[in-house]
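Notes follow once the structure below has been shown.
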Amino acid sequence: MSVQHPRNKLVNFRLSKEEFHQMGVACSVSGARSLSDFARNAVLAAVEQALESILHEPEQSIARLDEVVGSVETRLAQILKLLDAVQDEKTNPEAEGSISVR
């Protein structure tokens, strides 16, 4: 049976004694076949999560921009109502009422 994606690249990093012990415990708890298998899966999961975050960042930015634009539109509508009320007050000074926009 041939392997489609052979694992022939090496990644090397150092751990303190305590980190190594913690990794061994986590490896045992997770049921991984080996420390290498455990470390590879953990790193690849972190890579996938980082890539997902990067890929969804534009969607989140657009959603936030939509919120801001909606808020600006609402405030602009309130300002326009207030300006209309002021203009009406100037052109029709005998009309009673107070100017308020909510």
Side-chain angles (χ1 to χ4, degrees):
M1 178 163 114
S2 84
V3 177
Q4 287 183 330
H5 302 287
R7 292 186 173 123
N8 55 9
K9 300 296 179 189
L10 179 66
V11 176
N12 196 7
F13 59 94
R14 295 185 180 276
L15 300 173
S16 69
K17 186 176 181 179
E18 179 61 28
E19 290 168 334
F20 186 79
H21 175 72
Q22 290 173 344
M23 189 170 159
V25 170
C27 178
S28 295
V29 169
S30 74
R33 295 177 303 183
S34 64
L35 280 176
S36 179
D37 187 45
F38 177 78
R40 180 178 41 256
N41 289 335
V43 168
L44 292 176
V47 167
E48 186 175 330
Q49 184 179 9
L51 291 176
E52 280 290 317
S53 175
I54 290 168
L55 292 174
H56 286 84
E57 190 172 295
E59 293 173 12
Q60 293 169 350
S61 296
I62 290 170
R64 178 67 183 128
L65 184 58
D66 283 345
E67 288 177 25
V68 170
V69 168
S71 176
V72 169
E73 287 174 335
T74 301
R75 292 299 290 158
L76 184 56
Q78 291 172 340
I79 290 169
L80 290 174
K81 276 186 177 180
L82 183 59
L83 289 173
D84 285 344
V86 169
Q87 187 64 30
D88 288 347
E89 188 72 23
K90 285 184 179 179
T91 58
N92 192 4
E94 63 274 350
E96 289 190 30
S98 63
I99 300 171
S100 68
V101 176
R102 293 182 189 213

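Below, all heavy atoms of this structure are taken into account, side chains as well, without hydrogens, waters or symmetry copies.
If you chain together hydrophobic residues whose side chains sit under 4.5 Å apart, F13 and F20 fall into the same group. By the criterion of side-chain heavy atoms lying less than 4.5 angstrom apart, applied directly or through intervening Ile, Leu, Val, Met, Phe, Trp or Tyr residues, F38 is not grouped with V43; the two fall into different hydrophobic clusters.
Between atom CD of residue Q87 and atom CG of residue N92 there is a gap of 11.5 Å, rounded to the nearest 0.5 Å. To the nearest 0.5 Å, atoms CG (L83) and CD1 (I79) are separated by 7.5 Å. A distance of 13.5 Å separates SG in C27 from CD in Q22, rounded to the nearest 0.5 Å. From R75, atom CZ reaches atom CG of L82 across 9.5 Å, with rounding to the nearest 0.5 Å.
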Does R40 form a side chain to side chain contact (heavy atoms under 4.5 Å, CB included) with R7? I'd like the steps, not just the answer. CA-CA 11 Å; R40 180 178 41 256; R7 292 186 173 123; 3.3 Å; yes
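A donor-acceptor contact shorter than 3.5 Å links the side chain of E19 to the backbone of S16. Remark: the backbone N or O of D37 is paired with a side-chain donor or acceptor of N41 at under 3.5 angstrom. Using modelled atom types, no side-chain atom of S71 and backbone atom of E67 make a donor-acceptor pair closer than 3.5 Å.
Closest heavy-atom contact between L35 and M23: O-CE, 3.7 Å.
Comment: K81 does not engage D84 in a salt bridge, judged by the lack of any side-chain N to carboxylate O separation of less than 4.0 angstrom.
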